[in-house]
Structure formats: structure tokens, C-alpha cells
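Just so it is clear, the structure is predicted and the values come from calculations on it, not from any experiment. All residue numbers refer to positions in the sequence shown, counting from 1.
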Amino acid sequence: MQVKWLPVLCLLLSAVCGCGHFDGQKTRREHAEQFPAALAELTAGELSGKGALGLKDCVDIALANNLDAQAAQINKRLANLDRKIAFSNFLPHVNIELIHYTSDKQQQIGVHGVYLPMSDRSVTETVLGAQQVIFAPEAWFLYEAYTKNENITKLVARRTRDLIRLQVTTLYFSILSLEQARGTIDASLAQAGELLKELEALAGEGLAMPSQVEQMRTIFLAQQVNLTENTRMQTEARSALLEAMGLSPFAAIHLKAGAPLTVEKQDLADQILKAMLQRPEMYITDTAIEIRKDDVRMAISRFLPTISVFGEFSHSTNSFFKFSDIWTFGVSGVLNVFDGFANIYAYQAAKQRKAQAFIAREQTCMQIMLEVIRARSQYERSLDNLQLAEQELVAAKAFLGETQSKWREGLLLTSERLNAVTRHSAATANVLAAGFQTQVAAATLLDVMGVSPEGNAHGKIN
């Protein structure tokens with residue numbers, strides 16, 4: 001019999017091993033070919049027919065397609081399944097067992113030299129059993145811990161969405177700022193080109209110094225470099241925005257400007273209080289403390305017995321049995337008497353973890369307070385810088401206008417005109433940069449306060 005089945009077993013083993021073979025190069029090649037196409041199809045579906053996108057459009061697409069958001073949703077579903085698995089401890093467990101055995105010889109028992117058969121040579125036994133735990137406090141606390149862990153994954157998913165929203169907001173305003181800067185650079189480049197031509201003509205007539213021409217040529221070249229760098233930065237920012245939105249970074253995306261972000265005027269203490277009440281991290285630490293309390297309760301419950309009831313129905317084809325069908329009932333209890341003091345040390349460790357959770361909540365509280373202080377300071381600093389930059393631009397415009405008038409009348413040197421043009425270009429660029437920094441600072445302050453750009457809390461706390 002063994003020789004007959006040996007080739008069959010070898011064949012099955014080879015089939016199983018063949019099914020488990022992994023061709024890394026083939027898998028990588030297939031994914032490298034399929035992923036870009038699938039990503040391009042997704043991108044076309046999200047962007048086609050929508051025209052220019054506003055901030056809300058970008059955020060909505062990102063929350064639907066960002067891979068971090070999808071991973072957070074999977075973690076939520078896994079936590080939900082873990083909770084359901086833990087709940088199964090409260091439900092009855094039903095098992096069915098089927099056993100068939102055949103002896104090569106009729107087994108007999110001898111009594112005073114006489115051998116009598118003791119069972120059939122071929123017997124089939126069927127057993128249907130059910131067990132129900134009626135007292136297991138540790139199972140209840142375990143279920144509560146899984147329920148709280150599910151709530152934590154919901155809060156983590158919410159915080160992930162908050163960070164995605166902040167990332168998209170920052171990139172959105174960065175691109176708009178670069179687009180505005182592009183127009184300013186184009187105007188400055190055109191102005192520098194005209195002035196370079198004028199100086200070259202004046203130098204040909206001996207009315208301008210060669211050094212002045214070279215200085216203007218340097219300014220013109222600098223504007224060309226700025227234009228090229230602006231194009232590069234726009235490309236990088238758009239690719240980063242598309243990646244944050246879960247789309248292909250090679251796609252073309254067009255944005256439209258919306259209302260600028262604003263922050264409600266509040267005292268610092270009120271902003272910190274709002275952060276304490278709305279930041280998911282605080283709710284996570286609160287829930288973690290409750291989980292650690294459940295750990296202590298579970299450690300205590302290990303000193304208590306676990307009691308369960310069971311019932312079993314068995315059927316046997318053995319003709320030697322008087323009763324082929326038998327019902328069996330019972331109650332079982334298990335009490336851990338001594339396990340090398342492991343349960344005692346587990347209780348002490350659970351108490352220390354609970355104390356650790358309280359400290360972690362205080363640390364998170366302090367961290368959030370510091371984040372609000374820093375974000376508020378950065379926002380106020382950006383407002384001051386924006387106001388200063390706008391005033392510098394007003395002064396630069398006035399100075400450029402006066403300089404142009406005096407230049408036409410021949411009352412100024414060429415170097416003075418160059419200085420006015422340079423000053424105006426720099427002031428314009430500073431205003432754009434300050435405006436961008438103000439929007440980023442506003443988005444950051446809203447985020448650390450747990451407030452969306454629309455002025456509402458980021459989702460509902462469960």
C-alpha cells in the first residue's frame with residue numbers, strides 16, 4: 001500500500017510546490033506595465049470635464065484617492081473585524097467530528113483462555129458538540145478593548161485626512177503663488193529686455209557706459225533664469241499635488257483661485273482650548289487610557305475561574321454498543337492556581353502601562369499647546385511680513401514712476417533707473433511670497449486647532 005501511494009504523494013507535493021513558485025521579475029514587469037495605465041485611467045476620470053479646480057475640488061479628490069487615506073480606511077475595517085472576532089467568544093462554539101477506522105484484524109479480548117470480539121472491525125463515529133462560556137470576565141474586557149481600538153482607528157483615519165487636507169492646501173496655494181510670480185517675472189523680463197535695448201542703443205552713441213549695459217544684461221539674464229526656475233518649481237508642485245490627490249504626477253492640472261483662508265480672531269487660550277477639544281490625538285490618548293484600564297481589569301480577571309457548559313451528541317456504528325446514540329452534558333471550570341507568578345506580574349505591568357498612558361496624554365497635551373503657540377506666532381509673523389511687503393511695493397511703484405519721469409527728462413543717471421527697476425521687481429516678488437506664506441500659515445494654524453478651512457471641525461468625533 002505504501003509503495004502504491006508514494007508516486008501519488010510525490011506528484012501532489014510537486015504540484016503544491018509549483019503553485020507556490022514566485023517569479024519576482026515577471027511580477028515586477030507586469031506591475032510596472034499595468035500600474036501607470038491604471039493610474040492614467042483614474043486620473044482621466046477624475047479630471048476630465050472639470051476644468052480648473054478650486055481648493056475644495058482638490059481636497060475632495062485627494063480624500064477619495066490618496067493612498068494614505070485608503071490605508072487608514074483598511075485599518076478601520078480590520079479593527080472592525082477584530083472586534084467582531086472578539087465578540088465570538090460570547091457565542092456558542094459548535095463542532096462536528098467524523099471518525100472512521102478499520103482494523104486489519106478483529107480485535108478480541110481473552111477471558112480464561114476464551115477470546116471474544118470486542119468491537120466491529122470497521123467503525124464510524126460521529127460527534128456533535130457545543131460549548132458555551134457562561135463566566136469569562138476577561139473576554140468582556142478584551143471585547144471592550146477591541147471596541148476602543150476600533151474607535152482609535154477611526155480617529156487615526158480622521159487625522160490622516162486632516163494631514164492630507166493640509167498638504168493639498170499648501171501645494172494648492174504654492175502653485176497659485178508660482179503662477180502669479182510667473183506673470184510678474186514675464187513683465188519684469190519684458191521690461192528688462194526693453195531697457196537693455198535702450199542701453200545698447202545709447203552705448204552705441206556713447207551716451208551709456210559699457211558697464212551699465214552689462215549690468216542690465218545681467219538683470220535680463222537673471223529674469224530669464226527666474227522664469228526657467230519658476231517653470232521647474234511649478235512642474236514639481238503640480239506633480240506633488242497630483243500625487244497627494246492620488247493621481248498621476250504626469251497629468252496636466254489647472255487651478256482657479258478661491259477665497260483666501262482666514263483665521264477667526266481669538267485669544268491664544270481659546271485657540272488652545274479649541275485644539276484640546278477637537279484634535280483627534282487627544283481623543284486617541286483618552287481612549288488609550290481606557291484600554292489600559294481594561295488591561296488592568298483583564299489582569300485581575302485572570303485570578304477568577306472560567307466556567308462553561310457543554311453538550312455532546314455521539315453516534316457510533318459499532319454493533320457491540322448497546323446504545324448507538326448518546327447525549328452527554330456537563331459543566332467545566334478552570335481556575336489558574338499557580339503559573340509562576342506570571343499573573344501577578346501581568347497585573348503589575350498593566351498598572352504601569354495605565355500610568356504610562358496618563359503620562360502620554362499629558363505629553364500630547366503639551367505638544368498640541370506648543371504647536372498652537374508656534375502656529376499662531378507664525379501666522380501673526382506672516383501677516384506682519386505681508387503688510388510690510390505690500391508697503392514696500394507701494395513705495396517701489398512710486399519710486400519707479402518718479403524715476404521713469406525723471407529719466408525721460410534726462411535728470412537721472414542710467415544706474416538710478418536700473419536700481420528703481422530692480423527694486424520694483426524685488427518688491428513684487430516679496431509680496432507674492434509673503435501672500436503664499438500667509439495662506440500656508442493660516443492653513444497650519446487651522447490644522448493644529450483641529451478646524452477645517454471652512455471653519456468647522458474636521459469630521460465628527462466618535
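Around the NZ atom of K84, the shell of radius 6.0 Å holds no more than 12 heavy atoms that belong to other residues, nucleotides or ligands. In the displayed structure, M276 atom CE is contacted under 6.0 Å by more than 12 heavy atoms of other residues, nucleotides or ligands. Within a 6.0 Å sphere centred on CZ of R217, heavy atoms belonging to other residues, nucleotides or ligands number more than 12. Within a 6.0 Å sphere centred on OH of Y347, heavy atoms belonging to other residues, nucleotides or ligands number 12 at most. Taking a 6.0 Å sphere around NE2 of H93, one finds it holds more than 12 heavy atoms contributed by other residues, nucleotides or ligands. Summarising the local packing, CZ of R302 is surrounded by more than 12 heavy atoms from other residues, nucleotides or ligands at distances under 6.0 Å. More than 12 heavy atoms of other residues, nucleotides or ligands sit less than 6.0 Å from atom CD of Q132. Within a 6.0 Å sphere centred on CZ of F358, other residues, nucleotides and ligands contribute more than 12 heavy atoms.
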**OP:** Applying salt bridge (Lys or Arg N to Asp or Glu O under 4.0 Å), run through K406 and E402 and close with a yes or a no.
**Re:** CA-CA 6 Å; K406 292 181 180 181; E402 294 173 358; 5.3 Å; no
Original post:
Please walk me through it: do L178 and L432 pass side chain to side chain contact (heavy atoms under 4.5 Å, CB included)?
Top reply: CA-CA 8 Å; L178 289 171; L432 295 175; over 6 Å; no
**OP:** Mind running salt bridge (Lys or Arg N to Asp or Glu O under 4.0 Å) on E194 and K197 for me, showing each step along the way?
**Re:** CA-CA 5 Å; E194 293 177 0; K197 291 179 181 179; over 6 Å; no
**OP:** Evaluate salt bridge (Lys or Arg N to Asp or Glu O under 4.0 Å) for R376 paired with E380, printing each intermediate quantity in order.
**Re:** CA-CA 6 Å; R376 178 188 172 99; E380 292 176 346; 3.2 Å; yes
Subject >> side chain to side chain contact (heavy atoms under 4.5 Å, CB included) evaluation trace for L63 with M245 >> reply: CA-CA 7 Å; L63 295 180; M245 294 166 62; over 6 Å; no
**OP:** Show your reasoning for whether side chain to side chain contact (heavy atoms under 4.5 Å, CB included) applies to D57 and K256.
**Re:** CA-CA 10 Å; D57 300 323; K256 60 182 178 181; 4.2 Å; yes
Original post:
Do V448 and R279 pass the side chain to side chain contact (heavy atoms under 4.5 Å, CB included) test, and can you show the C-alpha distance, the side-chain angles, and the key distance before you say yes or no?
Top reply: CA-CA 7 Å; V448 298; R279 283 284 293 270; 3.7 Å; yes
**OP:** Just do the salt bridge (Lys or Arg N to Asp or Glu O under 4.0 Å) check on R361 and D286 with the steps written out, would you?
**Re:** CA-CA 7 Å; R361 180 169 65 178; D286 292 340; 2.8 Å; yes
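Residues I164 and A244 come closest through the heavy atom pair CG2-O, 4.4 Å. Nearest heavy atoms, A389 versus V431: O-CG2, 3.2 Å. The two atoms that bring A427 and L393 nearest to each other are CB-CA, 3.8 Å, heavy atoms only. When all heavy atoms of S174 and A237 are compared, the closest pair comes out as OG-CB, 4.3 Å. Across all their heavy atoms, F173 and L55 have their closest contact at CE1-CD2, 4.2 Å.
A salt bridge links R159 with D447; the closest basic N to acidic carboxylate O contact falls under 4.0 Å. Taking the charged nitrogens against the carboxylate oxygens, E179 and R238 do have a contact shorter than 4.0 Å, which makes a salt bridge. Ion pairing between E144 and K148 holds under the 4.0 Å rule for side-chain N and carboxylate O.
Side-chain contact of S248 with T43: a donor-acceptor pair under 3.5 Å is absent, judged by distance alone. A donor-acceptor pair shorter than 3.5 Å cannot be found between the side chains of T285 and T364. The closest side-chain donor-acceptor pair between T231 and R182 falls under 3.5 angstrom. Judged purely by distance below 3.5 Å, without hydrogens or angles, the side chains of R29 and Q25 never pair a donor atom with an acceptor atom.
Proximity of a side-chain donor or acceptor of E46 to a complementary backbone N or O of G246 within less than 3.5 Å is not detected. With hydrogens and angles ignored, the 3.5 Å screen pairs a side-chain donor or acceptor of N385 with a backbone N or O of R381. Counting only distance, with no hydrogens or angles, the side chain of S239 and the backbone of P249 share a donor-acceptor pair below 3.5 Å. Counting only distance, with no hydrogens or angles, the side chain of Q278 and the backbone of G450 share a donor-acceptor pair below 3.5 Å. Not a single donor-acceptor pair under 3.5 Å links the side chain of D270 to the backbone N or O of Q266. Of the possible polar contacts, one joining the D339 side chain to the A342 backbone as a donor-acceptor pair under 3.5 Å is found. The main-chain N or O of L277 is found under 3.5 Å from a side-chain atom of Y283 such that the two form a donor-acceptor pair. Under a 3.5 Å cut-off, the side chain of N65 and the backbone N or O of I61 do form a donor-acceptor pair. No donor-acceptor pair under 3.5 Å is formed between the side chain of S188 and the backbone N or O of I185. A donor-acceptor pair under 3.5 Å links the side-chain atoms of Q212 to the main chain of M209, judged by distance alone.
At least one side-chain heavy atom of I344 sits less than 4.5 Å from a side-chain heavy atom of F303. No side-chain heavy atom of Q352 sits under 4.5 Å from any side-chain heavy atom of Q356. Side-chain contact between N66 and V168: absent, with no pair of heavy atoms (C-beta onward) separated by less than 4.5 Å. Residues I74 and Q70 have side chains not in contact (no heavy-atom distance under 4.5 Å, counting atoms from C-beta outward). Proximity of N95 to Q131: side-chain heavy atoms (C-beta onward) are separated by under 4.5 Å at one or more points. Side-chain contact between L445 and Q271: present, with at least one pair of heavy atoms (C-beta onward) separated by less than 4.5 Å. Between L304 and P137, the closest side-chain pair of non-hydrogen atoms falls below 4.5 Å. A 4.5 Å side-chain heavy-atom check between L268 and V372 finds at least one atom pair inside the cut-off.
By the 30° and 60° cut-offs, the orientation of the rings of F341 relative to F338 is perpendicular.
Checked against Y172 for a side-chain contact (heavy atoms from CB on, under 4.5 Å), the options T169, L176, T170 give a single hit: L176.
The cationic atom of R83 (NZ for Lys, CZ for Arg) does not lie both less than 6.0 Å from the six-membered ring centre of Y143 and within 45° of the ring axis.
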